[in-house]
Amino acid sequence: MDKIVIHGGQRLKGEVLISGAKNAALPLLFATLLAPGRHRLANVPQLRDIDTVAELLTTLGATVERADGLFTVGADAIMSIEAPYELVRTMRASVLVLGPLLARHGEARVSLPGGCAIGARPINLHLKGFEAMGAKIVLDHGYVEARAKRLHGARIYFDLPTVGGTENLMMAATLAKGTTILENAACEPEIVDLANALNAMGARISCAGSDTVTIEGVEDLRPLDYAVMPDRIEAGTFMVAAAITRGDVKVTGAVASDLEALIAKLRDAGAEIVEESGGLRVKGPRRIESVNIKTHPHPGFPTDMQAQFMALMTLGQGTSVISENVFENRFMHVCELQRMGADISIEGHSATVKGVKGLTGAPVMATDLRASASLILAGLAADNTTEVARIYHLDRGYERIETKLKQLGADIERVRA
Ligand code: EPZ
């Protein structure tokens with residue numbers, strides 16, 4: 001298995017171009033199942049999770065052609081309605097085929113995704129929504145079997161703002177009979193991107209990005225022709241990389257309005273952030289101030305940036321309290337950061353991070369996607385050498401991260417083990 005080797009201490013300088021957003025590209029690719037014809041999706045990042053989506057679409061009978069970041073999907077003849085366990089267990093977002101398959105084909109058989117490193121991640125709210133729209137749901141041998149002659153509109157209240165649940169039900173509602181209202185919906189920018197793409201296909205979605213989304217069902221949709229939004233979490237990760245190395249980096253593709261909470265907290269930590277044509281320029285502080293963060297659904301501080309921000313806080317001048325309110329087990333990076341000399345203690349959903357003078361390089365192990373990013377960031381600032389193993393986690397969500405960091409001056413290599 002590959003590992004990444006970093007010799008820390010380099011200050012990052014220059015410009016980095018952010019790739020398309022993983023968490024927008026995944027639902028957008030599944031949206032192609034809603035309509036026959038040839039769909040085009042541009043700016044798709046080259047990631048392991050995207051490879052899994054391509055494999056799943058092909059398994060279902062779609063044709064997939066890829067040329068760099070341009071995907072062309074032919075969804076005329078969907079021969080299967082089953083998303084098998086071996087694919088779903090490698091990428092939980094596969095459950096997003098439920099909405100499109102139910103809406104267009106009236107049935108779907110999808111493996112329950114099961115838990116993952118960061119939490120149990122049930123899909124009960126997705127299923128409750130489909131039942132409200134008239135689907136019959138049976139759980140059988142680890143699979144969800146869903147059937148509906150034709151979905152009908154419904155008023156659906158989410159007990160908590162689920163990103164995937166909002167996306168799944170929004171896609172299903174585009175072809176339902178009547179109007180669907182999603183209440184307490186998630187407001188993430190990726191949901192707005194999906195709604196914009198679906199409306200371009202002929203859907204009638206309003207107020208996506210707010211907590212109440214209305215979808216008027218239509219009879220059919222035309223093929224997708226769209227470009228994926230930039231990845232705000234990748235952008236945020238590079239912004240933290242600039243801050244933790246006292247660097248000066250232009251993050252091209254970063255959209256300030258998608259990252260308000262992170263920008264506010266990085267400024268509190270002493271970073272200088274200015275909007276510059278097409279992106280954000282970040283200058284890292286000489287002294288990193290310790291700030292507290294609480295993760296919350298958008299527009300709160302993004303849970304997907306918690307591990308990366310914690311790496312920065314390990315070098316703060318004081319004490320930072322970080323509370324993770326979205327997932328139940330998203331502190332897997334803590335023990336690895338402690339091995340690099342970080343002073344962190346965990347109490348339930350809160351981690352108390354006492355800043356230390358410096359981190360020391362060490363061999364560490366990635367456990368999940370954003371934890372791996374956190375270890376890379378810590379390695380950039382640590383002395384000596386840091387080796388991050390099991391970076392297949394990293395490759396799920398970051399396109400060529402070591403190449404991009406090296407172009408900014410980092411002393412970093414991917415070593416094929
Ligand atoms: C999406 O996951 C993202 N993944 C995650 O990014 C992100 O962390 C998460 O949203 C929150 O922003 C993709 O978009 C592919 P949720 P999702 O449904 O949709 C509970 C990354 O690092 N819940 O909003 O699975 C759930 O257990 C990944 O890129 C239920 O209880 O997240 C969690 O505690 C990690 N029942 C909370 O809601 C349900 O039916 C938020 O989950 C659904 C969710």
Side-chain angles (χ1 to χ4, degrees), residues 19-31 45 47-50 52-53 56 88 90-99 110 112-132 137 139 144 156-171 182 184-194 211 228-229 231-237 258-259 261-262 295-309 324-330 332-333 349 366-374 393-399:
S19 302
K22 165 178 87 80
N23 291 351
L26 296 177
L28 284 167
L29 284 167
F30 287 128
L47 302 169
R48 279 183 60 229
D49 274 6
I50 298 296
T52 306
V53 171
L56 179 50
V88 178
T90 55
M91 192 197 61
R92 316 174 30 70
S94 307
V95 295
L96 293 174
V97 297
L98 269 169
V110 177
L112 276 166
C116 75
I118 63 177
R121 303 188 71 185
I123 59 166
N124 57 312
L125 301 177
H126 301 227
L127 303 182
K128 194 176 137 203
F130 291 131
E131 286 178 325
I137 304 280
L139 300 185
V144 174
I156 297 165
Y157 174 80
F158 289 117
D159 297 349
L160 41 80
T162 156
V163 172
T166 303
E167 292 166 342
N168 230 341
L169 273 301
M170 193 161 78
M171 288 191 282
L182 303 180
N184 198 25
C187 308
E188 271 67 7
E190 292 76 18
I191 288 168
V192 177
D193 212 34
L194 176 62
D211 61 5
V228 181
M229 65 179 274
D231 192 318
R232 64 191 171 99
I233 304 301
E234 184 194 18
T237 304
D258 289 345
L259 287 165
L262 175 68
T295 68
H296 281 293
H298 193 77
F301 190 93
T303 174
D304 292 350
M305 282 301 306
Q306 178 259 109
Q308 298 93 309
F309 200 85
E324 172 54 59
N325 302 302
V326 175
F327 289 107
E328 61 266 35
N329 184 34
R330 207 169 193 178
M332 308 275 278
H333 41 288
H349 281 236
T367 50
D368 58 86
L369 169 54
R370 306 303 174 183
S372 355
S374 165
H393 291 291
L394 196 66
D395 295 335
R396 293 191 51 187
Y398 290 93
E399 189 177 31

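Just follow the structure's listing: the first ligand is 1, and inside any ligand the first atom is 1. The chain is numbered in sequence order, starting from 1.
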Checking heavy atoms under 4.0 Å, the part of R370 that sits near ligand 1 is side chain
Quick look: D159 vs ligand 1, heavy-atom contacts under 4.0 Å, and the answer is neither
Sorted by chain and residue number, the ring pair (Phe, Tyr, Trp, His ring centres under 6.0 Å) partners of F130 (sequence neighbours excluded) come out as none
Ligand 1 atoms nearer than 4.0 angstrom to some heavy atom of L26 are 15 (C)
In ligand 1, the atoms that come under 4.0 Å of a heavy atom of L125 are 36 (N), 39 (C), 40 (O)
Going by the 4.0 angstrom heavy-atom rule, the piece of T303 near ligand 1 is side chain
key: Lys/Arg N to Asp/Glu carboxylate O, D304 vs R330, below 4.0 Å   = yes
OG1 (T162) and NZ (K128) are apart, to the nearest 0.5 Å, by 11.5 Å
For A373 and Q308, the nearest pair of non-hydrogen atoms, with its separation, is CB-CG, 4.0 Å
Atoms of ligand 1 under 4.0 Å from any heavy atom of K22, numbered from 1 in the order shown, are 21 (C), 29 (O)
Rounding to 0.5 Å, atoms CG (L28) and CE (M171) come to a distance of 8.5 Å
Here the gap from I233 atom CD1 to K22 atom NZ, rounded to the nearest 0.5 Å, amounts to 9.5 Å
Any atom of ligand 1 sitting under 4.0 Å from a heavy atom of P122? yes
Near V326 (heavy-atom distance under 4.0 Å), the atoms of ligand 1 are 33 (C), 34 (O), 37 (C), 41 (C)
protein heavy-atom neighbour closest to atom 3 (C) of ligand 1 works out as N23 ND2, 3.7 Å
Across all chains, not counting sequence neighbours, the side-chain contact (heavy atoms from CB on, under 4.5 Å) partners of P299 are none
d(L96 CG, M170 CE) to nearest 0.5 Å is 10.5 Å
For R330, the atoms of ligand 1 under 4.0 Å from one of its heavy atoms are 8 (O), 22 (O), 35 (C)
For G164, the atoms of ligand 1 under 4.0 Å from one of its heavy atoms are 18 (O), 19 (O)
In V95, V88, V144, the residue satisfying side-chain contact (heavy atoms from CB on, under 4.5 Å) with L112 is V144
d(H298 NE2, E190 CD) to nearest 0.5 Å is 8.0 Å
Near R121 (heavy-atom distance under 4.0 Å), the atoms of ligand 1 are 2 (O), 17 (P), 25 (O), 27 (O)
the protein heavy atom lying closest to atom 12 (O) of ligand 1 turns out to be V163 CG2, 3.8 Å
the protein heavy atom lying closest to atom 9 (C) of ligand 1 turns out to be F327 CZ, 3.9 Å
Honestly, for L160 the part within reach of ligand 1 (heavy atoms, under 4.0 Å) is side chain
Logged contact type for H126 with ligand 1, heavy-atom cut-off 4.0 Å, is both
Closest to atom 18 (O) of ligand 1 among protein heavy atoms sits T162 OG1, 2.7 Å
Within the 4.0 Å heavy-atom cut-off, what N124 brings close to ligand 1 is both
With heavy atoms and a 4.0 Å threshold, my read on which part of H393 contacts ligand 1 is neither
Numbered in order shown, the ligand 1 atoms found under 4.0 Å of a heavy atom of D304 are 5 (C), 6 (O), 7 (C), 8 (O), 21 (C), 22 (O), 28 (C), 29 (O), 35 (C)
- Query: Between N168 and G99, is there a donor-acceptor pair closer than 3.5 Å when you use the side chain of the first and the backbone of the second?
  - Reply: yes
Value for CD (E324) from NE2 (H349), rounded to nearest 0.5 Å, stands at 8.0 Å
